[in-house]
Amino acid sequence: MQRIGVFVCWCGSNIAATVDVEAVAEALSHEAGVVFSTNYQYMCSQAGQELIQDTIREQKLTGVVICSCSPRMHENTFRKTCERAGINPYMVEIANIREQCSWIHKDKAVGTEKAIILGRAAIAKVLLNAPLTAGTSPVVKRALVIGGGIAGIQTALDIADAGFPVDIVEKEPTIGGKMTQIDKTFPTLDCAACILTPKMVDAAQNENIKIYAYSQVEAVKGFVGNFTVTIRRKARYVDETKCTGCGLCTEKCPQKKVPNAFNLGLDTRRAIYIPFAQAVPKIATIDADYCTMLKTGKCGVCSKVCTAGAIDYKQQDTLVEEQYGAIVVATGYNPIKLDQFDEFAYSQSPDVVTSLELERLMNAAGPTGGTLLRPSDKTHPHTLVFVQCVGSRCDGGEKGKPYCSKICCMYTAKHAMLIREKYPDTEVYVFYIDVRTPGKNFDEFYRRAVEEYGVHYIKGMVGKVTPQNGKLYVQAADLLGGQQLKIEADMVVLAAAIEPDKSARPLATMLTASMDTNDFFTEAHPKLRPVESPTAGIFLSGACQGPKDIPETVAQAGAAASKVIGLLVKDHLTCNPCVAESNELMCNGCSACEKVCPYGAISYIDKDFRGPGRTTLKRRVAQVNPAVCQGCGACTVACPSGAMDLKGFSNAQIMAEVDAICK
């Protein structure tokens, strides 16, 4: 016979303000199987845990129900507490009366009634619980970092420095990401390449790091500690083991009118190219969309001039399968497309550019050699207008994003200062909604732009940009001055919102990782577990989790690396005992469960059964590998015969909860 103890937490005033905790404890004390029921102000505190342990011993409890906050917060805490007192940790149930009750009800009577119902459901379930024992699984001591920007590089370096091998998969021909396209960084105005390039070289030379550039993740199977990842290495049509990066082929290629993606289409490159001088790996890549030889079979100039014999027009994509214990997502961001913001004339005039395009125009390695020139006529601009929040903080999200992109205010101040410093004859106007500078020395940096460099900051919105006679006429509102403005500008710079890279959504599907409505990866807990995904073994680094500047990205990369290291140092992991199991007598071998299992934990075997007249019959039945199963429950839903059940969450337990709620 079960002896259940119920412990109702006040959570300070979080629960007690809208739930009568004493009434809840009293009501639940009359439920079948309950021999003890009490309430306490902070059940998760040391005193609260000691209260639970003492009661377990005194009352000889066999099961415990904690009415408190979300099990995501403290289920593990209470399970360990009860285990120390001699109860199997899976004989503990949490009734979430904070997030699911007190936080959503203002009426105390309603909140109290619902808390009693939730507690009753938890009691009904724990009455049917059975002790479970967790198994173990080995850990593959190798990590995968998906994305080779500054976040991915820093994460990989930190993991490698701890002595663990790590692979970087980068979809572009070189690692470095967006930071390679930036000229200077705020608030110190350091050269971005000077900071990044040594880290790129360190990653390439580190014996524990392997770089899969110009590659992408094709498939992911397995679970924490034991992931199997298929990587597609795209054909460069250049043998990486032979190419010396001399660049002779990129100089001689006759097809030289290919839009240069690295410079955002502001100039052209050859069909065979190395993205930039400091590329890592520094290996040429043939663009199959423009290569005359690959399209028509006529040319072959690059092959003729390559003294290393590295050109291989017959090269094909190859698939590589590797084993990893942990995976870090560092897929980064992209500026949004501005197709729906034609009021700023972005598609009408080449002199309307994005902030990232301005970075390339100001970069010494950019299309103009670092001299700021108007794209239309290559003349020096004398009046520039910056438009903030283009696509950020948009209500409804139809034309843009509802969130603040976080970095725009600071890089706009940076651009304005650099332009005024290098070209004192230039007038710079910045139209803003709010100036947001939440960072060390960030506000001082912004005030320097206004006070020292004379940048005109105007609180107001730009309504329209009209190209006319080689000029850009900017119509805007000055909200503080209470007037309409019309500025004749030579260039307009749009601070476009940033969004997750387009590879993030399909990758999240492969990883069974959670995403929010804006396609940013969701962390396990926004405060306590900010670099972990809810999916065990998947970690988050950089702007894939939300808009970030470089210092914040590097800090999160280090945090993600520390979590990976903490996982990889373990030889074995404790498995989740709440796994699926098959009732072989009910299984009809239909394969429905096998098809929906995202972890490949279910297989089928032919098993002997005693038939009529003592005959032996062979039947095809499902078999679950408990080391691979992650207890997601998909198979239990898909099974048409009800043969599949989930330990700890059986159909009988779930229905008992439903009955308790409905009575």
Side-chain angles (χ1 to χ4, degrees), residues 142-162 164-172 175-180 185 195-196 199-200 202-203 206 208-213 215-217 220 224 227 229 231 324-334 406-407 498-508 510-516 518-568:
R142 189 180 191 90
L144 170 66
V145 176
I146 305 174
I150 182 59
I153 292 171
Q154 186 64 54
T155 303
L157 284 171
D158 288 348
I159 296 171
D161 287 345
F164 294 103
V166 55
D167 295 348
I168 300 175
V169 173
E170 168 56 47
K171 65 178 181 178
E172 299 297 333
I175 61 173
K178 288 289 181 296
M179 195 171 170
T180 60
T185 63
I195 300 170
L196 178 64
K199 286 191 174 293
M200 294 167 61
D202 286 348
N206 194 304
N208 283 330
I209 296 178
K210 184 173 183 178
I211 298 173
Y212 289 99
S215 303
Q216 62 188 38
V217 173
V220 180
V224 56
F227 293 105
V229 180
I231 301 168
Y324 301 102
I327 298 175
V328 180
V329 181
T331 48
Y333 73 93
N334 279 309
K406 199 171 185 177
I407 58 176
I498 65 173
E499 64 181 0
D501 189 83
K502 296 300 182 185
S503 64
R505 173 62 66 175
L507 179 62
M510 282 188 270
L511 297 173
T512 63
S514 302
M515 303 191 90
D516 63 21
N518 297 306
D519 283 356
F520 287 111
F521 282 85
T522 303
E523 59 280 356
H525 191 282
K527 299 177 184 67
L528 304 180
R529 299 171 64 192
V531 299
E532 299 171 67
S533 164
T535 302
I538 308 298
F539 302 90
L540 310 177
S541 180
C544 70
Q545 184 255 341
K548 292 177 182 64
D549 57 27
I550 293 170
E552 191 178 357
T553 294
V554 172
Q556 190 182 23
S562 70
K563 289 293 183 181
V564 171
I565 294 166
L567 171 60
L568 297 185

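A 4.5 Å side-chain heavy-atom check between L196 and I153 finds at least one atom pair inside the cut-off. The shortest side-chain heavy-atom distance between N518 and E499 does not fall under the 4.5 Å cut-off. Side-chain contact between N334 and K178: present, with at least one pair of heavy atoms (C-beta onward) separated by less than 4.5 Å. A 4.5 Å side-chain heavy-atom check between F539 and L567 finds at least one atom pair inside the cut-off. You'll find the side chain of V328 stays beyond 4.5 Å of the side chain of V531, heavy atoms only. Annotation: side chain of L507 is in contact with side chain of V329 (closest heavy-atom distance under 4.5 Å).
In this structure, N206 CG and D161 CG are separated by 6.0 Å, a value rounded to the nearest 0.5 Å. From I550, atom CD1 reaches atom CD of Q154 across 12.0 Å, with rounding to the nearest 0.5 Å. Annotation: the span from K406 atom NZ to D549 atom CG amounts to 6.5 Å, rounded to 0.5 Å. Taking CZ of F521 as the reference point, atom CZ of R505 lies at 8.5 Å (rounded to 0.5 Å). Summarising the geometry, atom OG1 belonging to T331 is positioned 8.5 Å from atom NZ belonging to K171; distances are rounded to the nearest 0.5 Å. Taken to the nearest 0.5 Å, the CD1 atom of I150 stands 9.5 Å off from the OG atom of S541.
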Set out, in order, the CA-CA distance, both residues' side-chain angles and the distance that settles side chain to side chain contact (heavy atoms under 4.5 Å, CB included) for D202 and I209, then state yes or no.
CA-CA 9 Å; D202 286 348; I209 296 178; over 6 Å; no

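Among all heavy-atom pairs drawn from N208 and F164, the shortest one is CB-O, 3.7 Å. Residue R142 comes nearest to D167 through the heavy atom pair NH2-OD1, 2.8 Å, listed as atom of the first residue, atom of the second, then distance. Among all heavy-atom pairs drawn from G537 and F227, the shortest one is O-CE1, 3.8 Å. For M515 against T522, the heavy-atom pair with the smallest separation is C-OG1, 3.2 Å. Contact between A151 and T553 at its shortest, heavy atoms only, is CB-CG2, 3.4 Å. Taking each heavy atom of S514 and P534 in turn, the nearest pair found is OG-CG, 3.9 Å.
A donor-acceptor contact shorter than 3.5 Å links the side chain of K548 to the backbone of G546.
Heavy atoms from other residues, nucleotides or ligands lying under 6.0 Å from NZ of K563 number 12 at most.
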